[in-house]
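Here the structure is laid out as structure tokens; the discussion comes afterwards.
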Number of protein chains: 2
Amino acid sequence: MSKKENILFTALALFASKGYDSTSTRQIAVEASVSEGLIFRHFGSKEGLLNAIIVHGISISQSYIQPILALNNPKEVIKRSIQLPLSVPGEDHEFWKLLYTLKWQRSEYEEGAFDSLRQKLTHAFRSLAYQNPELEAQLIEIYIDGLATEILLRKGDAQELTQLILNKYEL
Amino acid sequence: MSKKENILFTALALFASKGYDSTSTRQIAVEASVSEGLIFRHFGSKEGLLNAIIVHGISISQSYIQPILALNNPKEVIKRSIQLPLSVPGEDHEFWKLLYTLKWQRSEYEEGAFDSLRQKLTHAFRSLAYQNPELEAQLIEIYIDGLATEILLRKGDAQELTQLILNKYEL
DNA sequence: ACATAAAGTGAGTAATCACTTACAAAACTA
DNA sequence: TAGTTTTGTAAGTGATTACTCACTTTATGT
């Protein structure tokens, strides 16, 4: 792992656990065993470092959103969407915790990561003749956020909860 | 309004909009038109100020949770719980935004405000002979969080969404 | 009226903040 | 191998941070 990557992952871990604002560039440098100056050489600013983390994380996320977009069976789309939080690998949890944190304090990071998925879900519900496909898709997003919260924050077992939701859609 | 209250509400507004960490005690003092020292006279520390805000907010929250706890009809309990986010007055929105933000970056503030409501909901679902009352109650909490997010963050119209959820329970 | 306490101020404090700069080592290119 | 770019560091910078302290003003109780 290059020093640049090292900075990126150390910063991600710190931002996710203590928050962006209360993590100092000094601390990142110490923890990553690099000089503080190197952070600014590679990323320009603390904000630039955050951006790099987001960009990297979003691109990783596409790897488990893309397969759902490729599905044809609408019921399968809904099922896989609800199962999404459970299917996110543990190594990506830090990133998602950071993203959910930022969502509440930085409007600019209001996740557009799910935009395409919502459209796909709307289509799925429409083809299943649901009365209000847009709202139904929005509801699935609420399930995803709720399950993600359960997993990332309360570290609970979201398996039963996922199953309960799937049952409501007879999936 | 006393200067003490003035500090409390200005701090709430700033914490909610910019976040706790990136709001300085200096800024609070200026905005509230008091000396910075007064903040520490009254609240001891910045953290103490945050605690005072939380305590005050939680006590206000009881005013709209308590009526639900007093209900007898289980269906009514569920209905009113789902309608909870819509029924929170606009003046309390700042506090709830702050609380949701803290939830993601300060584990100590993992809201116990809803503990009694969850118990009540579990009872309600049990008396309605649902197979898994605990999980069903947890799901209602997810709806509440989702609707609150819609209202507090996206400032969307949660009315339709609330109705959709109510329909799912035939309420 | 007078003593005690509570409320309030303004100018400090050391520490920490994000960031810069001058310079050296390493890597790459010819 | 010589020249250039990239990667890296150590020691700073001024600004800002939460918090303190010596002091004055206002309120309160008898």
Side-chain angles (χ1 to χ4, degrees), chain A residues 1-57 94-95 97-99 101-102 104-109, chain B residues 1-57 94-95 97-99 101-102 104-109:
Chain A
M1 184 151 60
S2 71
K3 292 204 170 188
K4 188 175 177 181
E5 288 174 309
N6 197 5
I7 292 170
L8 202 131
F9 289 120
T10 322
L12 168 57
L14 288 171
F15 288 167
S17 70
K18 321 185 4 175
Y20 172 79
D21 288 307
S22 53
T23 301
S24 68
T25 50
R26 182 89 204 285
Q27 191 181 358
I28 296 167
V30 170
E31 204 113 337
S33 303
V34 298
S35 66
E36 201 177 347
L38 193 59
I39 294 174
F40 295 91
R41 161 120 305 152
H42 280 310
F43 303 100
S45 66
K46 192 186 175 186
E47 190 79 29
L49 171 56
L50 178 61
N51 269 322
I53 291 173
I54 303 286
V55 167
H56 177 260
E94 270 178 351
F95 168 71
K97 193 179 168 203
L98 174 60
L99 214 63
T101 306
L102 289 174
W104 280 99
Q105 56 188 1
R106 307 220 153 191
S107 50
E108 66 261 35
Y109 289 116
Chain B
M1 185 152 57
S2 71
K3 291 205 169 187
K4 187 174 177 181
E5 288 174 308
N6 198 4
I7 292 170
L8 202 132
F9 288 122
T10 357
L12 168 57
L14 288 171
F15 288 166
S17 71
K18 321 183 9 178
Y20 171 80
D21 287 307
S22 53
T23 300
S24 67
T25 50
R26 183 87 203 286
Q27 192 182 356
I28 296 167
V30 169
E31 204 113 339
S33 303
V34 298
S35 65
E36 201 177 347
L38 192 59
I39 294 174
F40 295 91
R41 163 120 306 157
H42 280 310
F43 303 102
S45 66
K46 192 186 174 186
E47 190 80 28
L49 172 56
L50 178 60
N51 269 322
I53 291 172
I54 304 286
V55 166
H56 178 261
E94 271 178 351
F95 169 72
K97 194 179 168 201
L98 173 60
L99 213 62
T101 306
L102 289 174
W104 280 97
Q105 56 188 3
R106 307 222 155 190
S107 50
E108 66 262 34
Y109 290 116

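What you see below is based on every heavy atom in this structure, not just the backbone, and it leaves out hydrogens, waters and symmetry mates. To find a chain, count down the sequence lines: A is the first, B the second, and so on, and within it residues start at 1. Predicted model only: the values in this text are computed from it and were never measured.
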> What is the distance from CG of Asn6(A) to C1' of dT9(D), rounded to the nearest Å?
Replying inline: 16 Å

> What integer distance in Å separates Gln27(A):CD from dT16(C):C1'?
Replying inline: 12 Å

> For the side chain of Ser35(A), counting heavy atoms from C-beta on, which of dA18(D), dA10(D), dT9(C) is nearest?
Replying inline: dA10(D)

> Checking all strands, does Ser24(A) fall into the base, sugar-phosphate, or nothing category for heavy-atom contacts under 4.0 angstrom?
Replying inline: sugar-phosphate

> Once you round it to whole Å, what is the distance between P of dT16(D) and CD of Glu36(B)?
Replying inline: 13 Å

> Rounded to the nearest Å, what distance is computed from the CG atom of residue Asp21(A) to the P atom of nucleotide dT16(D)?
Replying inline: 16 Å

>> What's Thr23(A) touching, base or sugar-phosphate or nothing? Going by heavy atoms closer than 4.0 Å.
In response: sugar-phosphate

> What nucleotide, of dA18(C), dT9(C), dG8(D), holds the atom closest to the side chain of Val34(B)?
Replying inline: dT9(C)

>> Both Ser45(B) and Arg41(B) contact DNA chain D. Which one's nearest nucleotide lies toward the 5' end?
In response: Ser45(B)

> Between Glu5(B) (side chain) and Ser2(B) (backbone), is there a donor-acceptor pair under 3.5 Å?
Replying inline: yes

> Within this structure, what is the CG-to-P distance between Leu14(B) and dA18(D), rounded to whole angstrom?
Replying inline: 12 Å

> If you count the non-hydrogen atoms of other residues, nucleotides and ligands that lie under 6.0 Å from CZ in Arg26(B), is the total more than 12?
Replying inline: no

> Will you find, in the side chains of Thr10(A) and Glu31(A), an N or O donor that is under 3.5 Å from an N or O acceptor?
Replying inline: no

> To the nearest Å, how far apart are Ile39(A) CD1 and dA10(D) P?
Replying inline: 14 Å

>> Donor-acceptor pair, distance only, cut-off 3.5 Å: does the side chain of Lys4(B) make one with the backbone of Phe43(B)?
In response: no

> Atom CZ of Phe43(A) to atom P of dA18(C): distance rounded to whole Å?
Replying inline: 15 Å

>> So, does Lys46(B) get its side chain near the phosphate of dT17(D), meaning an N or O under 4.0 Å from OP1 or OP2?
In response: no

> Which listed nucleotide (dA18(C), dA18(D), dA7(C)) is nearest to the side chain of Leu38(B)?
Replying inline: dA7(C)

> Can the positive tip of Lys46(B) be found less than 6.0 Å from the middle of the six-membered ring of Tyr20(B), inside 45° of the ring normal?
Replying inline: yes

> Quick one: is His42(A) getting a side-chain N or O under 4.0 Å of the dT6(D) phosphate, OP1 or OP2?
Replying inline: no

>> What contact category does Lys4(B) fall into here, base, sugar-phosphate, or nothing, at under 4.0 angstrom with non-hydrogen atoms?
In response: nothing

> CZ of Phe40(A) versus P of dG12(D): gap in Å, rounded?
Replying inline: 18 Å

